[in-house]
Each structure stands twice: as C-alpha cells, then as structure tokens.
Number of protein chains: 2
Amino acid sequence: MNRWNDFKHILLYGIILAVLTFVLKWLQWRFFILDNAIEIYIGLVALLFTALGVWVATQVLTPKVQTIVIEKKVPESFFLNETELQKLHLNRREFEVLQLLSSGYSNADIAKTLFLSVSTIKSHVSNLFSKMDVKSRTQAVDKAKRLGIIK
Amino acid sequence: MNRWNDFKHILLYGIILAVLTFVLKWLQWRFFILDNAIEIYIGLVALLFTALGVWVATQVLTPKVQTIVIEKKVPESFFLNETELQKLHLNRREFEVLQLLSSGYSNADIAKTLFLSVSTIKSHVSNLFSKMDVKSRTQAVDKAKRLGIIK
DNA sequence: AATTCCATCATACTTTAGTACCAAAAACAG
DNA sequence: CTGTTTTTGGTACTAAAGTATGATGGAATT
C-alpha cells in the first residue's frame, strides 16, 4: 500500500518531467528561442521543479510521530476482583443482595427491589454473612470493598 | 520566531538560485556550451531544484504530528473532599464516629474504641444521620464514600 | 454573666437487623 | 430419574440500631 503510494509519486514525477521536456523542445522548435532568453527558461524550470519537490515532499515524507503521555485519572480498577469473588462461593442472589447492601439499602428496601419477602432477604443476608465471615452489613460492605468485589 | 525561520529559508533559496544562475552563466562563457547540450543542463537544474524543494519542504513545513495518547493510571485521589466535609458541619466526634462506622464497627465497638458509653455513640450517630440526611449507618457510609469525605 | 455549642450519658421505646431452624418448590447436574 | 444446590419463604427469638427527650459539665463566644 505504502510502496504503491511512493511509486505513484515517482511515476507522476517522471511523467511531468517528460512532458515539460517535450514542451520545452516544442517551444524551441516552434519559436526559435533566442540564446539570451535561456535563463528565463531555466528560472522557470527551477521554480516549477522546486514547487514539484515541495509537493512530492509533502506527499511522500512520513509524518513525524509524536507520543504524548497523558495522565488520566482512572478509577482504581475497572474490573471487579473475580478471583476473590469466586473464593467466597456466593450465588447470584447473595451477590445481588451484597450490591444493594453496599448502596445502603435496608432489608425491606432490598425485598421491594427484588420483589421478594423480607424473610428471603434475611436468609440471603445471613448466608452471605457466614460465607463472608462477618457479623453485620457494615462489615460485609467494608470487606467487600476492600476485597474489590464491589465498586 | 516562526516568521524569521520561514524568511531565512526563502533568503537561502534566493541566494542558491542566484549562485546557480551565476555558475551557469560562467560555464556558458567559459566553455562555449553547445546548443544541443541545453537539455542536460535543464535536466540538471530540474533535478537540483527538485532536491532543493524537497529540502525546503522538510525544513519549512510543519511536520504532520500524530499524537498517541497513552492513559496512565493515577492513584485515586489521595486527599479527602474537604469542601463537602465542611458543608455537613460535622464536629470532631461525629467525624470520628463516621470513620469507624465505615470500617464496619458496631456502636459497642465504637464505644470501646473511643472509651465512651454506647449511649454517647448513639447520640453522635443520630446527630450524624440527621446532618447527613440519612436513615441508617449503611446509607451514611455509602453517602460519605460517594462524597469522598472518607476513603 | 449569659449564651451557644460540644461532648458526655441516661432512660424508655420502636424498629430493624440478625440467628436458628425449618420447609418446599425450582433449577440443575450426573 | 434422582440427588444436590438454589431460591424462596415462614416462625420465633435475640441483639443491635435508631429515635426522642432530657440532663450535666466544659469551653469558647458575646
């Protein structure tokens, strides 16, 4: 792709060179150009080919790559600690409950959110606590955050 | 600065043009160059000035800058949000209690830690809740963390 | 001296959280 | 199909949390 691009430019350059030479030759033959007008022609050619050189340069030259390192604040970790999560053997519901717990939900709130009875939530919460080896919701939330299993 | 740079190149270009014209003139006078050799000269001039054009282009033209942004992880904010903290008008004790609350401490734990009675802790906790406009310790912890007033 | 705020503690009461034990569908793996 | 795990729910009870109200003493402010 890049090679073809370069080659394209070289080809174009050659064609333009050939055409200009031909035009010059034709002008010489057509108008019997005077010897002392040769400088003007040379000047024109010089100008033209300078322009051509500039154009070729802009097209062919590889751009300078400038690497800028930007320090961006990234939350400590995008991803949850799956390893620690699996160690606890929490099932889907228990994990859901844990997440709501960390949002400050009461058992009644969680029950409403998940369309379950408070009894069920209490069961899940109790099982969650024993699996996490804690004794209260605040401890559970604290531990979960420190382990990185919830954000 | 940039203007002077550009001007410098234009000046250089002019000087080189003048010198080359002079050299050409000198060669014409010195060796009585033949008419049919003119194409060679023109070709040489074309080549030279193309090269010149390329060189000028590389020097003058602003390089195409390809910016690569690399995200760098920066540790979460070291400092607490003092502004939000002051808005709540928490006193020393209430803030202490809040910190212990977020570590999963029960009222009894906090009482033992601060050498106070559970009654006192309950008072502080109640005042804290009304100041923070929450109804439970888990809500308080969640709000405090979201506001960034505790780590 | 009076006022305000902070910190302490108490009592009484209500609500919520948490434990223990049980039970029964539902989902799922062997 | 059978045994296991998950999910659901209940009752009964205990522990802890949370509310309301009041009291006391100290420190700083006016």
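Chain naming here is simple, since letters A, B, ... match the order of the sequence lines and numbering starts at 1 in each.
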### Message
For a quick check, with a 4.0 angstrom heavy-atom cut-off, what is the B/S/- contact string for nucleotides 11-16 of chain D, read 5' to 3'?
### Response
B-----
### Query
Is any side-chain N or O of B:H124 closer than 4.0 Å to OP1 or OP2 of C:dT8?
yes
### Query
Does a side-chain N or O from B:T120 land closer than 4.0 Å to OP1 or OP2 of C:dC9, or not?
yes
### Query
To the nearest 0.5 Å, how far apart are CG in B:L101 and CD in B:E94?
12.0 Å
### Message
With side-chain contact (heavy atoms from CB on, under 4.5 Å) as the criterion, how do B:L116 and B:R93 come out once you've worked through the C-alpha distance, each side chain's angles and the decisive distance to 0.1 Å?
### Response
CA-CA 11 Å; B:L116 297 174; B:R93 276 310 203 194; 4.0 Å; yes
### Message
On the nucleotide D:dT5, are OP1 or OP2 found under 4.0 Å from the side-chain N or O atoms that A:N91 carries?
### Response
no
### Query
Could you run down nucleotides 23-30 of chain D 5' to 3' and tag each one B, S or - for protein heavy-atom contact under 4.0 Å?
--------
Side-chain donor/acceptor pairs under 3.5 Å, residues 141-148 of chain B, sequence neighbours excluded:
unit_1: B:D142; atom_1: OD2; unit_2: B:R146; atom_2: NE; d: 3.2
unit_1: B:K143; atom_1: NZ; unit_2: B:M132; atom_2: O; d: 3.0

#### Entry: Residue-phosphate contact under 4.0 Å: B:S126 side-chain N/O, D:dT19 OP1/OP2
yes
### Query
Between atom CG in A:L116 and atom P in D:dG10, what is the gap in whole Å?
11 Å
### Query
Is A:R92 near enough to D:dT7 that one of its side-chain N or O atoms lies under 4.0 angstrom from OP1 or OP2?
yes
#### Entry: Verdict with supporting geometry, A:L98 and A:I149, side-chain contact (heavy atoms from CB on, under 4.5 Å)
CA-CA 10 Å; A:L98 176 59; A:I149 63 180; 3.9 Å; yes
### Task
Using a cut-off of strictly less than 4.0 Å, decide whether A:R93 has a side-chain nitrogen or oxygen near OP1 or OP2 of D:dT8.
yes
#### Entry: Reported CG-to-CG distance for the pair A:D133 and A:L128, which is rounded to 0.5 angstrom
11.5 Å
